[in-house]
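Chain letters run A, B, ... following the sequence lines, proteins first, then strands; residues in each count from 1.
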Amino acid sequence: NAGVTQTPKFQVLKTGQSMTLQCAQDMNHNSMYWYRQDPGMGLRLIYYSASEGTTDKGEVPNGYNVSRLNKREFSLRLESAAPSQTSVYFCASRTGGVTNEKLFFGSGTQLSVL
Amino acid sequence: AQSVTQLGSHVSVSEGALVLLRCNYSSSVPPYLFWYVQYPNQGLQLLLKYTSAATLVKGINGFEAEFKKSETSFHLTKPSAHMSDAAEYFCAVSVKGSQGNLIFGKGTKLSVKP
């Protein structure tokens, strides 16, 4: 049971380069999320997708785009990377139902922008 | 708007001692509250959650938390710390109708001394 799979695990970019972070879940969850984690800041929501075909901005969406390719996959794209986007990125998916909320996280992508 | 505040970015205890990690929340409507744990180089895992049922919530690995509305608190405790409890702990809040979007605290790193 793979759960939530993120690729790549590590990436180094130069300022201005673009890249896409991939995320896939095999639990048939409707909702998927992208968070970034910075030291002393906790996790901050970048974008989320409540269901296939829908995406919405979270707390810190600037500089990012997302695609909900299908129910399984939710990708995060950096069009022109900046040093401020150096962070650890986590994808998550969620079980259904208001009282059964539980996020399942991937193992993260450590991104450095030079 | 909802928010959580975790008091203490770093807590150190001796093995066998009581673990107390503090979390206070702010919410204009009844909240759902969560504690997540992150082990080094891993994603977050759900420890326990409060969703308006019993105010004392028991989670995995011997942890529990008590929802106190009068104090707007949801502190995490464990009677006897184990070396394997060393990790970073995050408190989070969401509300009904928020599509499961969690607002995370900044985290508390727990160290356990032998």
Side-chain angles (χ1 to χ4, degrees), chain A residues 2-7 9-10 21 23-25 27 29-52 54-61 68 87-110, chain B residues 1-10 21-27 29-54 57 59-60 67 87-109:
Chain A
V4 179
T5 303
Q6 289 183 237
T7 56
K9 291 190 181 300
F10 302 95
L21 280 64
C23 175
Q25 52 93 6
M27 295 172 282
H29 291 163
N30 285 322
S31 299
M32 297 185 72
Y33 305 81
W34 276 105
Y35 287 90
R36 60 177 288 173
Q37 183 179 26
D38 302 290
M41 298 292 291
L43 277 80
R44 292 180 291 171
L45 182 63
I46 305 171
Y47 270 94
Y48 67 98
S49 171
S51 62
E52 184 179 354
T54 68
T55 61
D56 285 286
K57 296 178 180 180
E59 181 184 356
V60 288
R68 184 72 183 269
S87 187
V88 181
Y89 291 85
F90 287 98
C91 177
S93 66
R94 182 175 69 90
T95 56
V98 173
T99 60
N100 194 31
E101 296 173 22
K102 179 179 179 180
L103 288 178
F104 292 81
F105 283 84
S107 56
T109 296
Q110 192 166 319
Chain B
Q2 296 75 40
S3 66
V4 290
T5 301
Q6 292 184 240
L7 300 176
S9 59
H10 192 192
L21 304 182
R22 299 178 187 273
C23 173
N24 287 90
Y25 70 90
S26 173
S27 178
V29 296
Y32 299 141
L33 294 160
F34 305 80
W35 276 100
Y36 279 81
V37 60
Q38 184 181 32
Y39 298 103
N41 301 313
Q42 295 185 26
L44 280 70
Q45 304 171 32
L46 181 67
L47 264 182
L48 50 81
K49 62 181 179 181
Y50 166 77
T51 55
S52 74
V57 182
I60 61 173
F67 173 71
E88 190 157 20
Y89 293 80
F90 293 91
C91 183
V93 63
S94 74
V95 297
K96 184 177 180 179
S98 68
Q99 300 182 347
N101 293 352
L102 297 185
I103 305 298
F104 284 89
K106 295 184 178 182
T108 297
K109 192 166 187 177

Task: OG1-CG distance between A:Thr109 and A:Leu21, expressed to the nearest 0.5 angstrom - done: 4.5 Å
Open item on the list: I need the full list of salt bridge (charged side-chain N to carboxylate O under 4.0 Å, His left out) pairs touching residues 41-52 of chain A, with sequence neighbours left out, sorted by first then second residue.
Closed with: A:Asp38-A:Arg44
Task: Under 3.5 Å side-chain donor-acceptor pair for B:Ser9 and B:Lys106 - done: no
Task: Residues A:Tyr89, A:Ile46; criterion side-chain contact (heavy atoms from CB on, under 4.5 Å); working and verdict - done: CA-CA 9 Å; A:Tyr89 291 85; A:Ile46 305 171; 3.7 Å; yes
Open item on the list: Does any backbone or side-chain atom of A:Leu43 lie under 4.5 Å from a heavy atom of chain B? Answer side chain, backbone, both or neither.
Closed with: both
Task: Which atoms of A:Gln37 approach chain B - backbone, side chain, both or neither, heavy atom under 4.5 Å - done: side chain
Task: Contact origin within B:Gln38 toward chain A - heavy atom pairs under 4.5 Å - done: side chain
